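For reference, the structure is listed below as structure tokens.
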Amino acid sequence: MKVKLSAGATVDMLSPDEYAKGVDKLKNCIDDSVKRDYFHEVVAIPVTTTAQTYALYNCPLGSIVQLHRFAIRASGFSASNPMTGGDIEFLLNNDMVQFLPINGIVAPVVITDTSAGIVLKGGDVLNAQCMNVSSPVTIFLQFRRWNS
């Protein structure tokens, strides 16, 4: 739409409808460029008395994922009767990024990180190192995937 200024110049400006269409087009471009979806991995870990390392997730090349939530459950234990013995360390490329027990509790535990989280890039490996785990443990992982 053309607008005449008081000084005599003419300026081409967007009408409100044109502006709304432009914003929608930009929003669709941004939404299409970053697609987020969630997927799950479940890993069962047996009773261990010596340090054992278990592969939890290998990030595919060309992917970026964020560990959004993980939950640890142990057979025979509940929130009112938690498992307090044992250690579980979470390792990203052999660097510790999280550990249990937290406040003396190994399982059941749910840890959620909605902002930063543990980010894995193509080729990264997430492992769990367990020691003195007195009951079989199941680790539930929820990832958020970023596709370009």
Side-chain angles (χ1 to χ4, degrees), residues 1 3 11-148:
M1 111 180 154
V3 176
V11 178
D12 194 11
M13 298 182 70
L14 293 175
S15 70
D17 289 339
E18 292 171 322
Y19 178 78
K21 286 179 186 176
V23 169
D24 286 342
K25 184 177 180 182
L26 181 60
K27 180 182 173 291
N28 290 337
C29 289
I30 291 170
D31 289 346
D32 289 342
S33 68
V34 179
K35 294 184 179 175
R36 296 179 182 161
D37 61 5
Y38 294 90
F39 64 98
H40 300 87
E41 296 285 331
V42 179
V43 180
I45 296 175
V47 173
T48 63
T49 54
T50 60
Q52 300 288 328
T53 301
Y54 299 91
L56 300 179
Y57 183 72
N58 293 320
C59 187
L61 292 176
S63 294
I64 300 174
V65 299
Q66 174 193 16
L67 180 56
H68 173 67
R69 175 183 300 131
F70 56 100
I72 295 89
R73 297 179 92 184
S75 296
F77 294 93
S78 65
S80 61
N81 177 32
M83 183 169 88
T84 57
D87 299 303
I88 301 175
E89 294 178 358
F90 293 90
L91 308 168
L92 177 60
N93 299 327
N94 294 321
D95 290 328
M96 187 169 45
V97 291
Q98 183 61 268
F99 64 90
L100 298 171
I102 295 177
N103 294 330
I105 297 174
V106 175
V109 172
V110 176
I111 298 172
T112 301
D113 194 335
T114 57
S115 56
I118 299 168
V119 176
L120 292 82
K121 297 178 180 145
D124 285 350
V125 179
L126 181 67
N127 292 316
Q129 187 174 50
C130 303
M131 187 166 178
N132 297 325
V133 176
S134 60
S135 174
V137 173
T138 305
I139 299 175
F140 300 88
L141 304 167
Q142 181 185 46
F143 291 94
R144 188 182 313 177
R145 180 183 1 243
W146 277 267
N147 291 330
S148 52

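None of these values were measured; they are calculated from a predicted model.
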Does some side-chain heavy atom of Pro108 sit less than 4.5 Å from a side-chain heavy atom of Pro82?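 A side-chain contact under 4.5 Å exists here.
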Hey, could you give me the [atom1]/[atom2] distance between [X] and [Y], rounded to the nearest 0.5 Å?
X      : Y      : atom1 : atom2 : value
Leu120 : Tyr57  : CG    : OH    : 7.5 Å
Gln66  : Gln142 : CD    : CD    : 10.0 Å
Phe143 : Ile64  : CZ    : CD1   : 14.0 Å

Suppose we screen for ring pair (Phe, Tyr, Trp, His ring centres under 6.0 Å). Which residues come up paired with Phe90, at least two apart in sequence or across chains?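 Phe70.
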May I ask you to decide if Gly104's main-chain N or O and Thr84's side chain share a donor-acceptor pair within less than 3.5 Å?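 It does not hold such a pair.
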Let me have the donor-acceptor pairs involving side chains of residues 91-102, under 3.5 Å, with sequence neighbours excluded, atom names and distances please.
from	atom 1	to	atom 2	distance (Å)
Asn93	OD1	Val125	N	3.0
Asn93	ND2	Asp124	OD1	2.8

Go through the steps to decide whether Tyr54 and Ile139 satisfy the test side-chain contact (heavy atoms from CB on, under 4.5 Å), and finish with yes or no. CA-CA 11 Å; Tyr54 299 91; Ile139 299 175; over 6 Å; no
Atom of [X], atom of [Y] and distance for their closest heavy-atom approach:
X      : Y      : answer
Ala55  : Asn127 : CA-OD1, 3.1 Å
Gln129 : Ala51  : NE2-CB, 4.3 Å
Val110 : Ala71  : CG2-CB, 3.9 Å

Worked verdict on Ile111 versus Arg69 for side-chain contact (heavy atoms from CB on, under 4.5 Å): CA-CA 6 Å; Ile111 298 172; Arg69 175 183 300 131; over 6 Å; no
Go through it in stages, so that I can follow the logic: the residues are Val133 and Met83, the test is side-chain contact (heavy atoms from CB on, under 4.5 Å), and I'd like the CA-CA distance, side-chain angles, deciding distance and then a yes or no. CA-CA 9 Å; Val133 176; Met83 183 169 88; 3.9 Å; yes
Working note: Val106 + Phe77, criterion side-chain contact (heavy atoms from CB on, under 4.5 Å); need CA distance, chi angles, decisive distance, verdict. CA-CA 10 Å; Val106 175; Phe77 294 93; over 6 Å; no
What do you reckon, is CG of Asn81 surrounded by more than 12 foreign heavy atoms closer than 6.0 Å?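 Yes.
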Among residues at least two apart in sequence or on other chains, which ones pass side-chain hydrogen bond (donor to acceptor under 3.5 Å, both in side chains) with Asn58?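 Applying side-chain hydrogen bond (donor to acceptor under 3.5 Å, both in side chains) to Asn58 gives none.
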